[in-house]
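Note sheet for the following structure.
By convention in this document, chain letters (A, B, ...) are assigned in the order of the sequence lines, proteins followed by strands, and residues within each chain are numbered from 1.
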Amino acid sequence: MEEEWDGDVAAARALQEALAEKVSLRDGYAKPLRTIAGFDVGFEDGGDTTRAAAVLLDADTLEVLASEIARIPTRMPYIPGLLSFRELPALLLALEALPQAPDLAFVDGHGIAHPRGLGIAAHFGVATGLPSIGVAKKILVGSGSEPHELRGAYTPLRHKGAQLGWLLRSKLRCNPLVVSPGHRVSMASAADLVMRFTGSYRLPEPTRLADRLASRRDEKHAARH
DNA sequence: GCGACAG
DNA sequence: ATCTTGTCGC
């Protein structure tokens with residue numbers, strides 16, 4: 001029988017507040033960047049199995065250096081604001097499966113653009129010590145004006161008077177991404193770093209590739225051999 | 001009290 | 001997130 005999570009929401013929130021204090025919003029990643037990696041999570045068996053994907057890329061050529069998938073039984077349900085407790089364990093296993101840690105991690109979900117400043121990308125960064133950035137498709141908290149239509153345009157995401165991230169138009173005619181610093185990445189650098197690794201798709205390459213591995217859909221095609 | 005609410 | 005085909009628009 002699996003160890004169920006205790007259901008203590010208050011305790012989980014308190015832990016987030018404590019961990020949020022360890023987040024660094026100063027650029028602390030290697031320059032120049034040698035490798036980067038994308039992380040995402042998906043579910044199988046109707047949600048019983050949590051599946052995490054990690055894709056390591058060469059920061060200069062975007063060549064895929066390694067792709068790993070880690071599976072573990074799901075321990076807790078999705079609760080807005082507590083996503084990292086549900087998905088981080090699998091993500092850490094996927095990271096360990098990589099031949100080497102990346103200089104910078106792109107995580108699907110929010111960085112500090114979270115009610116208590118600790119979205120999954122920030123939690124991942126503090127837990128591993130690795131520089132990280134959150135790349136989400138929807139806002140969790142805060143608001144901002146619609147960025148200009150042009151690709152690469154961005155506007156600040158604000159909440160309670162502070163800036164938590166950016167609304168980034170990574171692709172023409174597509175809804176903006178919500179980008180926020182995770183750990184060891186500054187607010188000023190976050191959007192630029194995401195655009196630097198974005199090709200012709202809405203999602204930056206690291207996250208886009210991890211997304212495809214984490215979601216089930218592509219093996220429906222890959223299985224054909 | 002009534003919504004909103006990453007994945 | 002996941003269950004799922006075709007379809008409208010650029």
Q. Rounding to a whole Å, what distance do you find between Arg13(A):CZ and dA6(B):P?
A. 14 Å

Q | Closest listed nucleotide, where the reference is the side chain of Asp40(A) and the choices are dC5(B), dT2(C), dG7(B) | A | dG7(B)

Q. Quick check: does any side chain N or O of Trp166(A) sit under 3.5 Å from a backbone N or O of Ala188(A), one acting as donor and the other as acceptor?
A. no

Q: Using atom NE2 of His110(A) as one end and atom C1' of dA4(B) as the other, report the distance to the nearest whole Å.
A: 13 Å

Q. Taking 4.0 angstrom as the limit, do Arg169(A) and Glu146(A) come out as a salt bridge?
A. yes

Q) Roughly, in whole Å, what's the span from CD1 in Ile112(A) to P in dA6(B)? A) 18 Å

(Q) What contact category does Gly46(A) fall into here, base, sugar-phosphate, or nothing, at under 4.0 angstrom with non-hydrogen atoms? (A) nothing

**Q.** Face-to-face stacking of Tyr78(A) with dG7(B), centres under 5.5 angstrom, angle under 30°
**A.** yes

Q) Going by an N to O cut-off under 4.0 Å, is there a salt bridge joining Lys137(A) and Asp108(A)? A) yes

**Q.** Among dT2(C), dA1(C), dC5(B), the nucleotide that comes nearest once only the side chain of Lys137(A) is considered
**A.** dA1(C)

Q: Could you check whether Gly119(A) gets within reach of a base, just the sugar-phosphate, or nothing at all, counting any heavy atom under 4.0 Å?
A: base

Q | Whole-Å gap separating P (dA1(C)) and CG (Leu140(A)) | A | 15 Å

Q: Would you confirm whether the ring centroid of Tyr154(A) sits within less than 6.0 angstrom of the ring centroid of His148(A)?
A: no

Q | SB check Glu17(A) Arg116(A) (cutoff 4.0 Å) | A | no

**Q.** Interatomic distance where CZ belongs to Arg212(A) and P belongs to dA1(C) [whole Å]
**A.** 15 Å

Q: Go through the steps for Ser189(A) and Tyr29(A) under the test side-chain contact (heavy atoms from CB on, under 4.5 Å), then give the verdict.
A: CA-CA 11 Å; Ser189(A) 304; Tyr29(A) 47 87; 3.5 Å; yes

Q.
Can you measure Leu88(A) atom CG to dA6(B) atom P for me and round it to whole angstrom units?
A. 18 Å

(Q) Please classify the nucleic acid contact of Leu172(A) as base, sugar-phosphate, or nothing, using heavy-atom distances under 4.0 Å. (A) nothing

Q | Nucleotide of dG7(B), dT2(C), dC5(B) approaching Leu83(A) most closely (side-chain heavy atoms) | A | dG7(B)

For nucleotides 7-10 of chain C, list the nitrogen or oxygen atoms of the protein found under 3.5 Å from its nitrogen or oxygen atoms, one pair per line.
from    : atom 1 : to        : atom 2 : distance (Å)
dC10(C) : O3'    : Arg173(A) : NE     : 2.8
dC10(C) : O3'    : Arg173(A) : NH2    : 3.1

Q. Taking atom C1' of dA6(B) as reference, at what distance in whole Å does atom NE2 of His159(A) sit?
A. 14 Å

Q. What's the shortest heavy-atom distance between Thr50(A) and Val41(A), and which atoms?
A. CG2-CG1, 3.6 Å

Q) Separation of Gln16(A) atom CD from dC5(B) atom P, in whole Å? A) 18 Å

